[in-house]
Student: 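Pasting a structure here, questions to come.
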Amino acid sequence: GEYTLTYFPVRGRGEAIRMLLADQGQEWIEDVVNGEIWQKGDLKQLCVFGQLPRFQDGNFILHQSNAILRHLARNHGLYGQDAKEAALLDMVNDGVEDLRLKYGHLIYQNYESGKAAYIEALPAELRPFEKLLAQNDGGKGFIVGKQIAFADYNLLDLLHVHLVLAPNCLASLPLLAGYVQRLNARPLLKDFLESDARKKRFINGNGKQ
Ligand code: GSH
């Protein structure tokens, strides 16, 4: 079926989905919702939880960014090689979600007064991912198993946004730093990351980053 991503003109909870699609050589329609359209309220009514992103796979409509990532993982063989790898990918993705929620709280509710303490605590928040990488083939590959998976795109996006917030946040986490460089260099992902559309997109809806 044809893919459509309906989302605000920001990276936000859309960017891991976009990176997965781009890296898998998929085409998709960007249905960009600006504040004016959203304020009208009709689209919000259509959304199961009243929020975006919304995703269409042909006639099939799905909400919740992590459910969308998992659906695409099943469609494109990005959910590990067996049930244990799938479970570990779920674990990683839940860990990404935990930190993404803290990041969202900082950006939308506590930026000015919370930024310094957040950056101070950041290496400790990221260290679990460094350890997981170390345990998988010495950190030379992906987060779980021998192939890229949906959680890699979500983790990569989480690292990208934190590298903007705190450019030195991976200084004590060399495996994660190498992981970002390695994934960024994947040909299709590199093209996406260097595209004008991507460069123009704000990270968050309030312009803070
Ligand atoms: N758990 C949801 C997901 O992962 O998709 C959260 C979705 C969410 O927070 N969406 C925000 C939104 O739609 C933008 S990132 N805000 C507008 C509103 O709530 O009216």
Side-chain angles (χ1 to χ4, degrees), residues 1 3-24 26 28-76 78-79 86-87 89-111 114-115 118 125-126 128-129 143 149-165 192-193 197-209:
Y3 289 150
T4 302
L5 175 66
T6 301
Y7 195 54
F8 303 108
V10 299
R11 291 199 223 165
R13 287 184 172 275
E15 205 67 5
I17 296 166
R18 296 182 180 111
M19 289 201 293
L20 181 157
L21 290 170
D23 191 54
Q24 295 299 312
Q26 297 298 306
W28 74 97
I29 296 165
E30 284 280 350
D31 176 20
V32 181
V33 178
N34 62 30
E36 197 183 335
I37 297 171
W38 187 248
Q39 290 310 317
K40 287 185 185 151
D42 319 7
L43 175 58
K44 190 174 176 73
Q45 287 292 323
L46 287 178
C47 294
V48 172
F49 297 98
Q51 293 193 310
L52 299 176
R54 170 183 175 88
F55 193 80
Q56 285 173 249
D57 175 354
N59 295 325
F60 180 63
I61 299 180
L62 196 59
H63 297 83
Q64 291 288 359
S65 58
N66 290 298
I68 296 164
L69 284 172
R70 289 180 162 102
H71 175 66
L72 291 171
R74 292 184 196 98
N75 278 1
H76 298 286
L78 304 169
Y79 221 135
L89 287 165
D90 283 342
M91 179 186 81
V92 169
N93 203 64
D94 285 0
V96 171
E97 177 64 18
D98 285 350
L99 186 53
R100 190 181 291 284
L101 287 170
K102 290 179 193 172
Y103 173 80
H105 183 264
L106 172 74
I107 294 291
Y108 288 101
Q109 273 145 65
N110 196 29
Y111 191 79
K115 185 174 171 179
Y118 187 97
E125 295 281 352
L126 294 172
F129 301 107
I143 194 69
F150 74 99
D152 286 297
Y153 300 108
N154 205 12
L155 176 57
L156 182 62
D157 179 63
L158 185 80
L159 295 170
H160 283 159
V161 302
H162 281 96
L163 283 165
V164 173
L165 177 77
F192 170 81
L193 294 173
R198 148 81 186 204
K199 283 191 201 150
K200 279 193 212 139
R201 209 147 42 224
F202 283 95
I203 299 182
N204 300 300
N206 63 357
K208 294 179 185 173
Q209 61 178 37

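Quick note: residue numbers are just sequence positions, from 1. As the structure lists them, so they are numbered: ligands from 1, and atoms in each ligand from 1. Below, each value reflects all heavy atoms present in this structure, side chains not excepted, and no hydrogens, waters or symmetry copies.
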Student: Write out the residue and atom name of the closest protein heavy atom to atom 19 (O) of ligand 1, then the distance separating them to 0.1 Å.
Tutor: Gln51 NE2, 2.9 Å
Student: List the closest protein heavy-atom neighbour of atom 11 (C) of ligand 1: residue, atom name, distance to the nearest 0.1 Å.
Tutor: Leu52 O, 3.7 Å
Student: Can you tell me which residue and heavy atom of the protein come closest to atom 17 (C) of ligand 1, and the distance to 0.1 Å?
Tutor: Trp38 NE1, 3.5 Å
Student: Before accepting this row, confirm whether a basic side-chain N of the pair Glu97/Lys102 lies closer than 4.0 Å to the acidic partner's carboxylate O.
Tutor: no
Student: Would Asp157 and Arg100 pass as an ion pair if we require N to O under 4.0 Å?
Tutor: yes
Student: Taking atom CD of Gln109 as the centre, report whether more than 12 heavy atoms of other residues, nucleotides or ligands fall under 6.0 Å from it.
Tutor: yes
Student: What I want to find out is whether Asp57 reaches Arg74 closely enough, with some N-O distance under 4.0 Å, to be called a salt bridge.
Tutor: no
Student: Would you please determine whether Phe8 falls within less than 4.0 Å of ligand 1 on a heavy-atom basis?
Tutor: yes
Student: I'd like to check which ligand 1 atoms, numbered from 1 as shown, lie under 4.0 Å from a non-hydrogen atom of Gln64.
Tutor: 1 (N), 2 (C), 3 (C), 4 (O), 5 (O)
Student: Which ligand 1 atoms does Lys44 reach within 4.0 Å, using its non-hydrogen atoms?
Tutor: 18 (C), 19 (O), 20 (O)
Student: Nearest protein heavy atom to atom 15 (S) of ligand 1, by residue and atom, and its distance?
Tutor: Tyr7 OH, 3.1 Å
Student: Would a distance-only check, ignoring hydrogens and angles, find a side-chain to backbone donor-acceptor pair under 3.5 Å from Asp23 to Leu20?
Tutor: no
Student: With ring pair (Phe, Tyr, Trp, His ring centres under 6.0 Å) as the test, would you mind laying out the steps for Phe60 and His71 before giving the verdict?
Tutor: CA-CA 11 Å; Phe60 180 63; His71 175 66; 5.2 Å; yes
Student: Kindly identify the option in Ser65, Gly35, Gly14 whose heavy atom sits closest to atom 4 (O) of ligand 1.
Tutor: Ser65
Student: Is Arg13 in polar range of ligand 1, meaning some N or O pair under 3.5 Å apart?
Tutor: yes
Student: I want to know whether His162 and Tyr103 have ring centres closer than 6.0 Å.
Tutor: yes
Student: Show which atoms of ligand 1 fall inside a sub-4.0 Å distance from at least one heavy-atom site of Pro53.
Tutor: 5 (O)
